[in-house]
**Student:** 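Just passing along the structure, written as structure tokens.
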2 protein chains.
Amino acid sequence: MEFYLNILKQNGYKLTGKRKLVLEAMLKNRRPLTLSDVQKLCVNIDFATIYRIVNLFNELDIVHEVKLFDKQQYYEIMKDDHHHHVVCQSCGKIDRVDLCITQKVSKLTSYTITNHIMEFKGICPACK
Amino acid sequence: MEFYLNILKQNGYKLTGKRKLVLEAMLKNRRPLTLSDVQKLCVNIDFATIYRIVNLFNELDIVHEVKLFDKQQYYEIMKDDHHHHVVCQSCGKIDRVDLCITQKVSKLTSYTITNHIMEFKGICPACK
DNA sequence: CGCTAAATGCAAGTAGTTTGCAATTACAAA
DNA sequence: TTTGTAATTGCAAACTACTTGCATTTAGCG
């Protein structure tokens with residue numbers, strides 16, 4: 001918590017009650033969350049405020065964008081813990097995928113990779 | 001072209017002029033296309049029709065969904081040519097990424113993988 | 001404690017897609 | 001080859017997820 005509050009402070013942003021609530025909610029729920037999910041976790045914050053806070057967190061790299069298989073944007077706090085996800089299409093469970101291949105892609109394409117999306121969908125062992 | 005028309009026929013769909021136009025446009029432009037892109041490539045087709053045709057093609061696995069780094073859905077024909085993409089954030093160029101790790105993810109997570117998203121963004125050699 | 005710029009709530013706007021329904025068309029049957 | 005009919009299409013409106021403008025409120029410096 002302190003770590004993230006410092007990022008806000010160091011960038012000249014105020015430590016408001018709403019920002020602390022959103023941060024706390026996302027720290028306690030470390031999985032891909034939509035803006036609506038975040039709003040449900042933080043009673044009494046307007047949706048536009050949730051939107052602006054989460055977008056600020058994203059600019060400050062406090063949260064990261066996650067794309068799953070619908071048209072919503074998800075966000076998740078992943079400090080020092082870069083990972084991807086696999087979603088069960090039957091029960092909806094989301095598991096971590098600790099694999100990344102940006103270095104390989106960098107070598108293969110000669111691009112400097114700055115950003116990537118990598119998510120999986122399937123059937124989990126329990127649902128098979 | 002014939003190959004795809006047969007898929008439509010075999011599934012009981014009519015071979016209409018509009019469907020042929022959309023198919024032809026997407027065969028000639030094998031890169032991620034938004035519905036608006038497809039509409040621009042096919043003069044005189046209503047957007048709702050483009051929407052329904054591309055969605056039908058998607059259900060029949062004629063096209064595949066591609067997610068890039070904005071909020072639009074892209075579609076691309078990739079028969080026998082599964083690949084991913086890397087987008088240059090400077091010039092917008094899109095290159096292929098011929099790499100896939102669903103087998104590795106399958107082993108790692110014990111899920112049966114049915115679907116995945118994997119896209120990259122960076123700076124291309126020419127823009128460095 | 002008061003001042004001021006930043007943050008927030010409310011309501012309206014926007015982009016991209018999705019749907020309902022009447023008009024049109026592909027194609028099987030005559 | 002023409003006809004009947006269900007599938008397809010166009011149009012307009014609805015919908016979802018996000019985005020913005022502006023008036024009100026609040027954090028935090030002095």
Side-chain angles (χ1 to χ4, degrees), chain A residues 1-2 4-26 32-60 62-76 117, chain B residues 1-2 4-26 32-60 62-76 117:
Chain A
M1 185 83 173
E2 281 313 308
Y4 299 104
L5 296 181
N6 281 333
I7 295 177
L8 285 170
K9 220 183 276 180
Q10 281 158 23
N11 285 277
Y13 294 102
K14 291 182 180 170
L15 271 50
T16 65
K18 314 272 152 128
R19 283 181 181 153
K20 286 179 194 166
L21 279 174
V22 171
L23 182 57
E24 197 165 12
M26 296 189 81
L33 299 169
T34 63
L35 294 179
S36 299
D37 292 337
V38 176
Q39 190 181 30
K40 276 171 211 143
L41 294 169
C42 306
V43 280
N44 257 20
I45 307 184
D46 186 75
F47 187 84
T49 302
I50 298 282
Y51 168 79
R52 283 184 278 226
I53 291 177
V54 174
N55 273 274
L56 174 64
F57 286 4
N58 186 37
E59 278 163 32
L60 298 176
I62 292 172
V63 302
H64 291 100
E65 295 186 354
V66 176
K67 280 195 195 277
L68 299 182
F69 297 85
D70 55 26
K71 62 179 190 177
Q72 285 184 81
Q73 182 66 246
Y74 293 78
Y75 300 89
E76 182 174 5
I117 303 170
Chain B
M1 185 85 171
E2 280 314 308
Y4 298 104
L5 297 181
N6 280 333
I7 295 178
L8 285 170
K9 219 184 275 180
Q10 281 157 22
N11 285 278
Y13 294 101
K14 292 182 180 172
L15 272 47
T16 65
K18 315 270 152 132
R19 283 180 182 154
K20 286 178 194 167
L21 279 174
V22 171
L23 182 56
E24 197 165 12
M26 296 190 80
L33 299 168
T34 62
L35 294 179
S36 299
D37 292 337
V38 176
Q39 190 181 30
K40 277 170 210 143
L41 294 169
C42 306
V43 280
N44 257 21
I45 307 184
D46 186 75
F47 187 85
T49 303
I50 297 284
Y51 168 80
R52 284 184 277 226
I53 290 176
V54 174
N55 273 274
L56 174 63
F57 285 4
N58 185 36
E59 276 164 33
L60 297 175
I62 292 172
V63 301
H64 291 100
E65 295 185 354
V66 175
K67 281 196 194 274
L68 298 183
F69 297 85
D70 55 24
K71 62 178 191 178
Q72 284 186 81
Q73 182 66 250
Y74 293 80
Y75 300 90
E76 181 174 5
I117 304 170

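Note that the structure is predicted; figures quoted are calculated from it, not measured. Numbers restart at 1 for each chain; the letters A, B, ... are given by sequence-line order, proteins then strands. Side chains included, hydrogens not; waters and symmetry mates left out as well; all remaining heavy atoms used.
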**Student:** On the nucleotide C:dA26, are OP1 or OP2 found under 4.0 Å from the side-chain N or O atoms that B:Lys18 carries?
**Tutor:** no

**Student:** Can you tell if the side chain of A:Leu68 reaches within under 4.5 Å of the side chain of A:Val66, non-hydrogen atoms only?
**Tutor:** yes

**Student:** Taking CG from A:Asn11 and P from C:dA6, how many angstroms apart are they, rounded to a whole number?
**Tutor:** 14 Å

**Student:** Just how far, in rounded Å, is C1' of C:dC10 from CD of A:Gln39?
**Tutor:** 13 Å

**Student:** Quick one: B:Asn44 CG to D:dT9 P, roughly how many Å, whole number?
**Tutor:** 14 Å

**Student:** Less than 4.5 Å apart, side chain to side chain, heavy atoms only: is that true for A:Glu76 and A:Val63?
**Tutor:** no

**Student:** Specify the separation, in whole Å, of atom CZ of B:Arg19 and atom P of D:dA7.
**Tutor:** 11 Å

**Student:** Where do A:Leu15 and A:Lys20 come nearest, in terms of heavy atoms and distance?
**Tutor:** O-CE, 3.7 Å

**Student:** Below 3.5 Å is the cut-off: list the nitrogen or oxygen pairs between protein and nucleotides 13-15 of chain C, distance only.
**Tutor:**
none

**Student:** CD1 of A:Ile53 versus C1' of D:dC18: gap in Å, rounded?
**Tutor:** 16 Å

**Student:** Of the non-hydrogen atoms in B:Asp70 and A:Lys67, which two are nearest, and what is the gap between them?
**Tutor:** O-NZ, 2.8 Å

**Student:** With sequence neighbours excluded, what pairs up with B:Lys71 under the side chain to side chain contact (heavy atoms under 4.5 Å, CB included) test?
**Tutor:** none

**Student:** Using five base pairs at each end to define the local axes, how bent is the helix from C:dC1-D:dG30 to C:dA30-D:dT1, to the nearest 10°?
**Tutor:** 30°

**Student:** Would a 4.5 Å heavy-atom cut-off, applied to side chains only, mark B:Tyr13 and B:Arg19 as touching?
**Tutor:** yes

**Student:** Can you sort out the partners of A:Tyr75 under side chain to side chain donor-acceptor pair (under 3.5 Å), two or more places apart, ordered by chain and number?
**Tutor:** none

**Student:** Could you tell me if the side chain of B:Gln73 sits less than 4.5 Å from the side chain of B:Leu35, heavy atoms only?
**Tutor:** no

**Student:** In this structure, how many angstroms lie between the P atom of D:dT8 and the CG atom of B:Asn55, rounded?
**Tutor:** 14 Å

**Student:** Quick one: are B:Glu59 and B:Phe57 in side-chain contact, heavy atoms under 4.5 Å?
**Tutor:** no

**Student:** Are any of the side-chain heavy atoms of A:Asn11 and A:Leu56 separated by less than 4.5 Å?
**Tutor:** no

**Student:** Ignoring hydrogens and angles, write down the donor-acceptor pairs under 3.5 Å from the side chains of residues 36-50 of chain A, residues two or more places apart or on other chains.
**Tutor:**
| from | atom 1 | to | atom 2 | distance (Å) |
| --- | --- | --- | --- | --- |
| A:Asp37 | OD1 | A:Thr34 | OG1 | 3.3 |
| A:Asp37 | OD2 | A:Thr34 | N | 2.8 |
| A:Asp37 | OD2 | A:Thr34 | OG1 | 3.1 |
| A:Gln39 | NE2 | A:Ile45 | O | 3.0 |
| A:Asp46 | OD2 | A:Ala48 | N | 3.0 |

**Student:** Which whole-number value in Å describes the distance from A:Leu21 CG to C:dA7 C1'?
**Tutor:** 14 Å

**Student:** Please encode protein proximity along nucleotides 20-30 of chain D as a string of B, S and -, counting only heavy-atom distances under 4.0 Å.
**Tutor:** BB-----BS--

**Student:** Find the distance A:Asp70:CG to D:dA17:P and express it as a whole number of Å.
**Tutor:** 8 Å

